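In what follows, a structure is listed as structure tokens, so that the remarks can point back to it.
Given the structure is predicted, the values throughout are model-derived calculations rather than measurements. Note: hydrogens, waters and symmetry copies are ignored here, and every other heavy atom, side chains too, is used.
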Amino acid sequence: MKQPTFNSRVLLPMDVIEAARAGDPLAVERVLRYYEGYINKLCTRTLYDKNGLPYIDVDEYMKHRLQAKLVEAIVVRK
């Protein structure tokens with residue numbers, strides 16, 4: 001059977017989602033890895049070095065906050 005896709009990206013299998021909702025840490029990690037690119041894109045910011053020069057990088061604080069919110073939405077709400 002062909003894997004379901006969305007915008008030519010293979011979707012997470014339903015058993016992984018169910019295992020993550022049940023609290024399986026490996027499944028939660030797999031969900032986090034699946035959304036890592038999207039989270040990185042959301043957290044990309046223009047930051048400034050100590051000389052005041054701008055550079056583009058991932059805001060790690062915001063990334064960790066979004067990951068925590070995703071884990072909370074998966075595990076806590078049953």
Side-chain angles (χ1 to χ4, degrees):
M1 184 172 140
K2 188 177 175 185
Q3 289 280 350
T5 61
F6 179 75
N7 288 337
S8 54
R9 180 162 183 185
V10 176
L11 298 176
L12 279 171
M14 194 58 154
D15 59 330
V16 173
I17 296 169
E18 291 170 354
R21 286 189 49 86
D24 179 11
L26 294 176
V28 171
E29 182 180 336
R30 188 164 171 193
V31 171
L32 286 173
R33 274 188 280 124
Y34 181 82
Y35 286 108
E36 183 174 19
Y38 179 64
I39 290 173
N40 283 341
K41 184 171 182 159
L42 290 174
C43 297
T44 300
R45 298 282 180 251
T46 301
L47 304 173
Y48 297 90
D49 64 9
K50 41 185 164 174
N51 297 323
L53 297 173
Y55 66 98
I56 296 177
D57 202 6
V58 174
D59 183 344
E60 291 295 326
Y61 176 74
M62 184 184 289
K63 180 178 179 178
H64 291 295
R65 292 282 309 251
L66 285 176
Q67 288 174 330
K69 287 289 188 179
L70 179 57
V71 169
E72 180 184 340
I74 293 169
V75 178
V76 175
R77 298 181 185 161
K78 293 187 177 186

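Across every non-hydrogen atom of V75 and A20, the tightest pair is CG2-O, 3.8 Å. Residues R45 and D59 come closest through the heavy atom pair CG-CB, 4.1 Å.
Cluster membership for M14 and Y34, using ILVMFWY side-chain heavy atoms within less than 4.5 angstrom, is shared. Using a 4.5 Å cut-off between side-chain heavy atoms of Ile, Leu, Val, Met, Phe, Trp and Tyr, with links allowed through other members, L47 and L66 fall into different hydrophobic clusters.
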Side-chain donor-acceptor pairs under 3.5 Å in residues 24-31, sequence neighbours left out?
| residue | atom | partner | partner atom | Å |
| --- | --- | --- | --- | --- |
| D24 | OD1 | L26 | N | 3.3 |

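Looking only at distances, no side-chain donor or acceptor of N51 sits under 3.5 Å from a matching main-chain atom of L53.
Taking OH of Y35 as the start and CD1 of I74 as the end, the distance is 8.0 Å to the nearest 0.5 Å. In this structure, I39 CD1 and R65 CZ are separated by 13.0 Å, a value rounded to the nearest 0.5 Å.
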Test log, rule side-chain contact (heavy atoms from CB on, under 4.5 Å), inputs H64 and Q67
CA-CA 5 Å; H64 291 295; Q67 288 174 330; 3.6 Å; yes
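Remark: V58 engages N40, C43, T44, E60, K63 in a side-chain contact (heavy atoms from CB on, under 4.5 Å) (not counting sequence neighbours).
Within a 6.0 Å radius of OH in Y55, other residues, nucleotides and ligands contribute more than 12 heavy atoms.
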